[in-house]
Amino acid sequence: MIKVAPFRRRLLDWYDREARALPWRTPPRSGMRPDPYRVWLSEVMLQQTTVPHAMPYFLEFTRRWPTVETLTAAEDAEVMSAWAGLGYYARARNLLKTARAVAADHGGVFPDTEDGLLRLPGVGPYTAAAVAAIAFDRPANVVDGNVERVVARLHAVETPLPGAKPELKHLAGGLVAADRPGDWAQALMDLGATICRPRAPLCDRCPVAVDCEAFRQGEPDRYPLRLRKAARPRRYGTVWVLRDGQGRIGLMRRPPQGLLGGMLGLPTSEWLDAPVEAEPPIAAAWRAVGEVEHVFTHFHLTLRVMTAEGLADSLIWDEDAAGLPSVFLKAVRLTRPER
DNA sequence: AAAACGTGGGC
DNA sequence: TGCCCAAGTTT
C-alpha cells in the first residue's frame, strides 16, 4: 500500500526539478497560471497524439489565433486546413463549436469547473479534468494513458486494459489532493511520458520506484496488461489527381461527418474489400502513376493513383495541397516526384 | 457499449 | 511488414 503523502512529495519535488518546458505551460512554483485557451487547445491536440506531432500545430494555431475570440472569427475551412495532418478531424470541428460556444454562452471565458467544461463539444472526462486542474488548479482526477500506465505499474494491476480503466481511475483518484492539483496532474503525466514509458522504463531515475510493485517484481514493462486488438482489414480504391496545367489540383469538400469529415480531399472511388476497376468522375486522359498505402485507425487502405490534366467546374481548385489529410497528400506527392 | 475516428514513429 | 503506441471523444 502506497503512503500517499510521502509519495506525493517525492513526485512533486521531482516535477519541480524536471518538468518539461512546453509552450502551453507555466513553470511549476512560478506562481503563474497558464492561459485556459492554450491549455484547452493543447489538450485537444494531444488527444491520442504525441507531443512532437502536436507541437508545430500548437505553435501555428496560437500564432494565427492567439485567443478564443480570434479563433471564433476564423473560417471553418481555414481551421480544417490548419488541422490537416493531425488526424481525428472531429477534434477540429468540435474545436470551432467549443470556441463559438465559449464566446456565445460564456462571455468569451472558459468554464472553470469540470462539470462546465464537460459540456463543451470535444471535451470528455479526461480533457475536462485536465483543463480544470491545469488551468484553474481545481482538484480533479486527471487520467490519461500515461496515468493508467503509471498506476497499473505502481499496483501491479493484473486486469488487462481496456477493462481495467475504472479500477485504474479509482486508484489514481486515491492520489489526488487539494495541494497543487495542476502540478500533480502534469507531474503524473510527465512521469509517464519520460520515465515510466511504455517500453524500457527508466526505473533507475524514477522518484517513486520505491513505491512501485511492478518495479519490486522486476518486470515493470509487463504492465499495463492489454487485450490484443483485432487485425485491421484492408480496403482498396482509386484516387484521381486532376491538374489544370497551372499548378492547381482539383479538390472537393468531404461531407461533414464520418472519416476525414469536413476536410478537403481528392475525388475517390468507394473503398471496397477488393480492388475493382472504378469509373473516373470526370472524363480525361487518365494514366496510372502507382499506389499509395495508408493506415487508418480501423483499416488499411491501398489507393490506386490516377492523374490527368483537365478542368471541371465541380471541383475546388487549389494550388496548395498542404490543407489535405495525409492520405491524399501521399497521392499528390506521387504525381509530383520532383518535389 | 462496441465501433468509429488519423497519423507517424519505434521495434 | 505489421503491430503497438500516443495527453480520448462521440455515437
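First the proteins, then the strands, lettered A, B, ... as listed; each starts at 1.
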Crowding at NE2, A:H106 (>12 non-hydrogen neighbours, <6.0 Å):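 Yes.
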
A:R64, CZ: over 12 other non-hydrogen atoms inside 6.0 angstrom: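 For A:R64, atom CZ is crowded (more than 12 foreign heavy atoms under 6.0 Å).
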
A:R234 side-chain proximity, nearest of C:dG2, C:dC4, C:dT10: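 Between C:dG2, C:dC4, C:dT10, the one nearest the side chain of A:R234 would be C:dG2.
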
Listed nucleotide nearest any side-chain atom of A:T127, set C:dC3, C:dG8, C:dC5: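 Of the options given, the side chain of A:T127 lies nearest C:dG8.
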
Nucleotide [N], atom [atom2] - distance to [atom1] of [X] in whole Å:
X: A:L117; N: C:dT9; atom1: CG; atom2: P; answer: 12 Å
X: A:R91; N: C:dT10; atom1: CZ; atom2: P; answer: 12 Å
X: A:L118; N: C:dT10; atom1: CG; atom2: C1'; answer: 12 Å
X: A:L161; N: C:dG8; atom1: CG; atom2: P; answer: 12 Å
X: A:K229; N: C:dA6; atom1: NZ; atom2: C1'; answer: 10 Å
X: A:L95; N: C:dT9; atom1: CG; atom2: C1'; answer: 14 Å
X: A:D144; N: C:dG8; atom1: CG; atom2: P; answer: 5 Å
X: A:L301; N: C:dG2; atom1: CG; atom2: C1'; answer: 16 Å

At 4.0 Å (heavy atoms only), tell me whether [X] reaches a base, stays on the sugar-phosphate, or touches nothing.
X: A:H300; answer: nothing
X: A:G258; answer: sugar-phosphate
X: A:S326; answer: sugar-phosphate
X: A:P52; answer: nothing
X: A:G192; answer: nothing
X: A:W40; answer: nothing
X: A:L260; answer: sugar-phosphate

N or O in side chain of [X] less than 4.0 angstrom from [N] OP1/OP2:
X: A:R197; N: C:dA6; result: no
X: A:Q47; N: C:dG8; result: no
X: A:R149; N: C:dA6; result: yes

Partner set under side chain to side chain donor-acceptor pair (under 3.5 Å) for A:R93, not counting sequence neighbours: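 With sequence neighbours excluded, A:R93 shows a side chain to side chain donor-acceptor pair (under 3.5 Å) to no residue whatsoever.
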
Counterpart residues, side chain to side chain donor-acceptor pair (under 3.5 Å), relative to A:R180 (two or more places apart):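 Once residues adjacent in sequence are excluded, the partners of A:R180 under the side chain to side chain donor-acceptor pair (under 3.5 Å) criterion are A:D16, A:D183.
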
Ring pair (Phe, Tyr, Trp, His ring centres under 6.0 Å) partners for A:F61, two or more places apart: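 Only A:W65, A:W83 meet the ring pair (Phe, Tyr, Trp, His ring centres under 6.0 Å) criterion with A:F61.
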
For a quick test of your reading: what N or O donor-acceptor pairs under 3.5 Å do the side chains of residues 197-204 of chain A make, sequence neighbours left out?
unit_1, atom_1, unit_2, atom_2, d
A:R197, NE, A:A200, O, 3.3
A:R197, NH2, A:A200, O, 2.8

A:G122 vs A:P224, nearer the 5' end of DNA chain C by closest nucleotide: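 First, find each residue's nearest nucleotide; the 5'-ward one identifies A:P224.
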
Given DNA chain B, 5'-ward residue of the pair A:V295 and A:R199, judged by closest heavy atom: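 Mapping each residue to its closest nucleotide by heavy atoms, the 5'-most match is A:V295.
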
Ring-face cation of A:R235 near A:F299 (centre distance under 6.0 Å, axis angle within 45°):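 Flagged: A:R235 positioned over aromatic ring of A:F299.
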
For A:P125, side chain to side chain contact (heavy atoms under 4.5 Å, CB included) partners two or more places apart: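 Once residues adjacent in sequence are excluded, the partners of A:P125 under the side chain to side chain contact (heavy atoms under 4.5 Å, CB included) criterion are A:L118, A:K169.
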
P atoms of B:dG6 and C:dT11, separation to the nearest Å: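 So the two P atoms sit 13 Å from each other.
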
Nucleotide interval of DNA chain B bounded by contacts with chain A (heavy-atom cut-off, under 4.0 Å):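 Going 5' to 3' along DNA chain B, contacts run B:dA4 to B:dG8.
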
